[in-house]
Amino acid sequence: MKRHPASCLSSILKYAFTRYGMLWLGLGIVVLMSLAALLAPWLAPYDPTEFHRHAILKPPSAQYLLGTDAYGRDVLSRLLYGGRISLWVGFVSVGISVLIGLTLGLLAGYFRGLTDEIIMRCVDVMLCFPSFFLILAVIAFLEASVVNIMIVIGLTSWMGVARLVRAETLSLRERDFVAAAKLGGAGSLRILLTHILPNALSPVLVSATLGVAGAILVESSLSFLGLGVQPPDASWGNMLMEGKDTLEIAPWLSLYPGLAILVTVLGYNLLGESLRDTLDPRLKH
């Protein structure tokens, strides 16, 4: 019996908004955007810094699929290459923050006492400052470069990971398998790396996924303010900055990088929230 197309569409939409449907939707967006950025040298029709003086502010057409900017540069090519920088900043900065937060969280939760007090007071001090304004203050004194942005974002966003890992470690260190490892003569480093760390990774994975979305937004904001990636290199943030002056006559210059940021951040948020619902047994219905 053939099903009506409207019924099929309703079933697809119903599945898309279930827990696993959102997980696959988020994963699909993340994979698609990552592949587009990774394959930019082969997908981009033009050099992202090449000027086409005969095609300044051309609207989307068969030759320039997403139009050109005020210098005649192809928007699609710059969008693809800009995605490489934005995603790279997200991955590396989150890697730095996870490494710091994971290490400090394990030490604070396992050794407790003075070690825990010192680390958690540092966390409290860092959390007293609004993270974006702290990043702005640091970047203002440094050279605006991709490397500096990645390092600064990573060094100012590890506190949430540290608190999550500490809470997990405080619980895990009281489990029977840790007590058995101690009776078997295992040292603290071995217990941390082989028994506690693998069991504490679930919340870290969720936090890291959501952190990539946050880092992309921070990088885009910094580039939009002129403190991030500098022209002629392309990032979604500086593409927005360049498009704001011609918004009335060339809206595509702001529309496409804005959509790229929106879709990418949405994908990582969907993936992170779905992973949290899937990995946390307390949230299962």
Side-chain angles (χ1 to χ4, degrees), residues 1-44 65-66 76 79-99 101-102 150 153-154 157 160-161 164-165 167-168 197-221 235-237 239 255-285:
M1 182 177 178
K2 296 181 69 176
R3 299 181 63 184
H4 193 275
S7 177
C8 294
L9 179 60
S10 175
S11 299
I12 293 172
L13 291 175
K14 183 178 179 180
Y15 175 76
F17 286 97
T18 62
R19 178 186 302 165
Y20 295 107
M22 299 294 274
L23 174 65
W24 286 111
L25 177 60
L27 182 61
I29 293 173
V30 167
V31 170
L32 181 63
M33 299 302 286
S34 299
L35 285 176
L38 184 65
L39 300 176
W42 294 274
L43 295 177
L65 295 179
L66 300 185
L76 175 59
L79 199 68
L80 292 170
Y81 276 90
R84 304 186 96 188
I85 292 180
S86 296
L87 292 174
W88 183 243
V89 168
F91 293 146
V92 175
S93 59
V94 167
I96 294 171
S97 67
V98 166
L99 181 62
L102 198 59
M150 293 187 295
I153 294 176
S157 57
V161 176
L164 283 173
V165 175
E168 289 291 319
L197 177 60
N199 291 285
L201 285 179
S202 293
V204 175
L205 178 61
V206 175
S207 178
T209 305
L210 295 172
V212 172
I216 290 173
L217 283 175
V218 171
E219 182 277 324
S220 299
S221 301
S235 82
W236 293 337
M239 290 179 70
L255 174 64
Y256 296 121
L259 284 176
I261 295 171
L262 171 65
V263 171
T264 304
V265 170
L266 175 64
Y268 277 101
N269 280 330
L270 288 176
L271 181 59
E273 294 289 344
S274 301
L275 284 174
R276 185 192 63 183
D277 293 346
T278 303
L279 297 175
D280 191 341
R282 294 167 297 181
L283 297 175
K284 291 182 179 180
H285 305 295

Supply the atom-to-atom distance L80 CG to M33 CE, rounded to the nearest 0.5 angstrom. 9.0 Å
Check whether any side-chain heavy atom of I216 sits under 4.5 Å from a side-chain heavy atom of L87, and report yes or no. yes
Counting only N and O atoms by type, is there a donor-acceptor contact under 3.5 Å from the side chain of W236 to the main-chain atoms of G258? no
Heavy-atom closest pair (L164 atom, P203 atom, distance to 0.1 Å) is CD1-O, 4.0 Å
Write down the atom of A215, the atom of G90, and the distance for their closest heavy-atom approach. CB-CA, 3.7 Å
For the CG atom of L255 and the CG atom of L66, what is their distance to the nearest 0.5 Å? 9.0 Å
For residues 263-271, dump all side-chain donor-acceptor pairs below 3.5 Å to protein atoms at least two apart in sequence or in another chain.
| residue | atom | partner | partner atom | Å |
| --- | --- | --- | --- | --- |
| T264 | OG1 | A260 | O | 2.8 |
| N269 | ND2 | V265 | O | 3.3 |

Under the salt bridge (charged side-chain N to carboxylate O under 4.0 Å, His left out) rule, what pairs show up with a residue in residues 80-89, not counting sequence neighbours? none
Tell me the closest heavy-atom pair linking L210 and E273, and the distance in Å. CD2-N, 4.2 Å
Among residues two or more places apart or on two chains, list those pairs meeting side chain to side chain donor-acceptor pair (under 3.5 Å) that have a residue in residues 208-220. S86-E219, E219-S223, E219-S235
Between S34 and V31, is there a donor-acceptor pair closer than 3.5 Å when you use the side chain of the first and the backbone of the second? no
With a 4.5 Å cut-off on side-chain heavy atoms, are M239 and Y256 touching? no
Where do V161 and S207 come nearest, in terms of heavy atoms and distance? CG2-OG, 3.5 Å
Non-hydrogen side-chain atoms of V218 and V89 separated by less than 4.5 Å: no
